[in-house]
2 protein chains.
Amino acid sequence: MSKKQTSPTDLDFAILGLLHQQAETGYGIRKIFETTALGNYSSSPGSIYPALKRLQKLNLVVQENQLTESGANKSRFLPTPIGTKMLIEWMSQPIVPEDISKSIEQLFLRFAFMDNHLSRAQKLDFLLSFNEQVKTYLTELEAYYQQEADNLPLHGRLAFEHGIATYRTHLKWGKKALVTLQQTKDK
Amino acid sequence: MSKKQTSPTDLDFAILGLLHQQAETGYGIRKIFETTALGNYSSSPGSIYPALKRLQKLNLVVQENQLTESGANKSRFLPTPIGTKMLIEWMSQPIVPEDISKSIEQLFLRFAFMDNHLSRAQKLDFLLSFNEQVKTYLTELEAYYQQEADNLPLHGRLAFEHGIATYRTHLKWGKKALVTLQQTKDK
DNA sequence: GTTGCCATGTAAACTGTTACATGATTTC
DNA sequence: GAAATCATGTAACAGTTTACATGGCAAC
């Protein structure tokens, strides 16, 4: 009855999401994180293999056993129904203000995996909430800037301006993505 | 003769940089990381206090002893000459491609602290190199996008577009910052 | 006089990094 | 047949998170 496991990490969800698009070996996952920009996530064996073990222990993925005649290793990982449920739950979480200020990258990761697993309405809701909350945060940032810009040293001010520009880009992207989804035929 | 310490972490440098602008208590540093956007860095006591201990052990900061009559605690941390030298070294490192793709936030942190510690030429060099390398990386991203966009699911494609938009913003900022610095009178 | 914030720390658990290690398969 | 790459893992270590713990001071 001991419930010991903490909830999966971002890396775990990144792997789980990838496996929903395409079954992969551990090595295959490593290569994806190494080569594609998608994710500042680590591709080292010391992070990937332990992550896969965690996912297996939680019954979120299984290893297909496809033994090559000569010895060895080619077995890929597949999501389980529980894994799919978990991924959907993770993507469906409401966006909270701290997501915007502290872990916005996670939101893009969640968005990237939504394709086949959430309804059109859920996807639109996600973007609506995203845009609203980015706008709120941006307004705060800009107000703070107006107040403090004169007191900041030049480089501090420029770095701050970069932060503002980045959030403006997030919002601009969110609006464009929303329009794109709205124009997409339902189903 | 045992040389055991690894080099300071990003958090260590963030703290060291802050202390060059203003002496602070541990608590003060925590509040800065909590409240200001500057940094996705952790503000938990379990990260800040050990970081300050590391910095002290390396002789990069010292604690002023300013005892309040009644008991206790108000002592702030100050950078040492060695700390200043270390900060300057860290800011002066050449930018490598992996900085752009994997840890670009660190570059903005380095930039934010340059004000009083690097020469005008060094600052300009930093931005020139930044812009050049962001441009190179952006070109790669765009080429990859052209090739792969049609194969990507809609959400994956939109997420990718976000990545490209973000790097375009980095470059635009870099160009503007360069112009700003160039227009600034040299001392 | 009690609530809340200032202020500092520690301990356990967990993640990730770095480096090492092994062997199979493919390519030249 | 040698070199590169596929493929999987482990061990030591360092850093962060979360939770706990303590006490002073300020405000109401």
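Sequence lines set the chain letters: A, B, ... in the order given, protein chains first and strands last, and positions in each chain run from 1.
Of the possible donor and acceptor atoms, one in the side chain of Tyr167(A) sits under 3.5 Å from a partner among the backbone N and O of Ile100(A). In this structure a side-chain-to-backbone donor-acceptor pair under 3.5 Å is missing from Lys102(B) to Asn40(A). Under the 3.5 Å distance criterion, the side-chain polar atoms of Thr80(B) are matched with a main-chain donor or acceptor of Asn59(B). Judged by distance alone, with hydrogens and angles left aside, the side-chain atoms of Gln133(A) form a donor-acceptor pair with the main-chain N or O of Ile95(A) at under 3.5 Å.
To the nearest angstrom, C1' of dT18(C) lies 16 Å from NZ of Lys102(B). Residue Leu55(A) contributes atom CG, which lies 14 Å from atom C1' of dT15(C) at whole-angstrom precision. Following rounding to the nearest Å, Ile32(A) (CD1) and dA7(D) (P) show an atom-to-atom distance of 12 Å. Atom CD of Glu64(A) is separated from atom P of dA7(D) by 13 Å (rounded to the nearest Å). Across the protein-nucleic acid pair, Leu58(B) atom CG and dG15(D) atom C1' stand 14 Å apart, rounded to whole Å. Rounded to a whole Å, the CG atom of Asp10(B) is 14 Å from the C1' atom of dT16(D). Rounded to an integer number of Å, the gap from NZ of Lys31(A) to P of dT5(D) is 9 Å. Residue Ile15(B) contributes atom CD1, which lies 12 Å from atom C1' of dG15(D) at whole-angstrom precision.
Looking at heavy-atom distances under 4.0 Å, Ile48(B) makes no contact with the nucleic acid at all. Within 4.0 Å of Ser47(B), counting heavy atoms only, lies at least one base atom of the nucleic acid. Backbone-only contact: Thr25(A) has heavy atoms under 4.0 Å from sugar-phosphate atoms and none from a base.
Sorted by first and then second residue, the salt bridge (Lys or Arg N to Asp or Glu O under 4.0 Å) pairs involving residues 137-146 of chain A (not counting sequence neighbours) are Glu142(A)-Arg168(A).
Relative to the side chain of Ser42(B), the nucleotides dT15(C), dG15(D), dT17(D) differ in distance, and dT17(D) lies closest.
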Give the table of side-chain donor-acceptor pairs shorter than 3.5 Å for residues 157-164 of chain B, with sequence neighbours excluded, one pair per line with atom names and distance.
residue, atom, partner, partner atom, Å
Glu161(B), OE1, Lys176(A), NZ, 3.1
Glu161(B), OE2, Tyr145(B), OH, 2.5
His162(B), NE2, His170(A), ND1, 2.9
His162(B), NE2, Thr166(B), OG1, 3.4

When the side chains of residues 103-114 of chain B are checked against the rest of the protein, which donor-acceptor pairs come out under 3.5 Å, sequence neighbours left out?
residue, atom, partner, partner atom, Å
Gln106(B), NE2, Asp10(B), OD1, 3.0
Arg110(B), NE, Trp90(B), O, 3.3
Arg110(B), NH2, Met91(B), O, 3.2
Arg110(B), NH2, Gln93(B), O, 2.4

| task | Dump the intermediate steps for side-chain hydrogen bond (donor to acceptor under 3.5 Å, both in side chains) on Asp125(B) and Gln122(B), then the final yes or no. | result | CA-CA 5 Å; Asp125(B) 280 353; Gln122(B) 283 179 300; over 6 Å; no
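Atom CG of Leu124(B) is separated from atom OG of Ser119(B) by 8.0 Å, given to the nearest 0.5 angstrom.
Considering only side-chain N and O atoms, Arg54(A) lies nowhere under 4.0 angstrom from the phosphate OP1 or OP2 of dC14(C). Checking the phosphate oxygens (OP1, OP2) of dC6(C), a side-chain nitrogen or oxygen of Tyr27(B) falls inside 4.0 Å. Taking side-chain N and O atoms only, Ser44(A) has no distance below 4.0 Å to OP1 or OP2 of dG16(C).
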Sort me out a list of protein N/O and nucleotides 9-11 of chain C N/O pairs below 3.5 Å, or just none if empty.
residue, atom, partner, partner atom, Å
dT10(C), OP1, Lys53(B), NZ, 3.4
dT10(C), OP2, Lys53(B), NZ, 3.0

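Over its full length, the helix from dG1(C)-dC28(D) to dC28(C)-dG1(D) turns its helical axis through 30°, comparing axes from the five pairs at each end and rounding to 10°.
Evaluation of the side-chain contact (heavy atoms from CB on, under 4.5 Å) rule for Pro45(A) yields Arg30(A), Tyr49(A) as partners, not counting sequence neighbours.
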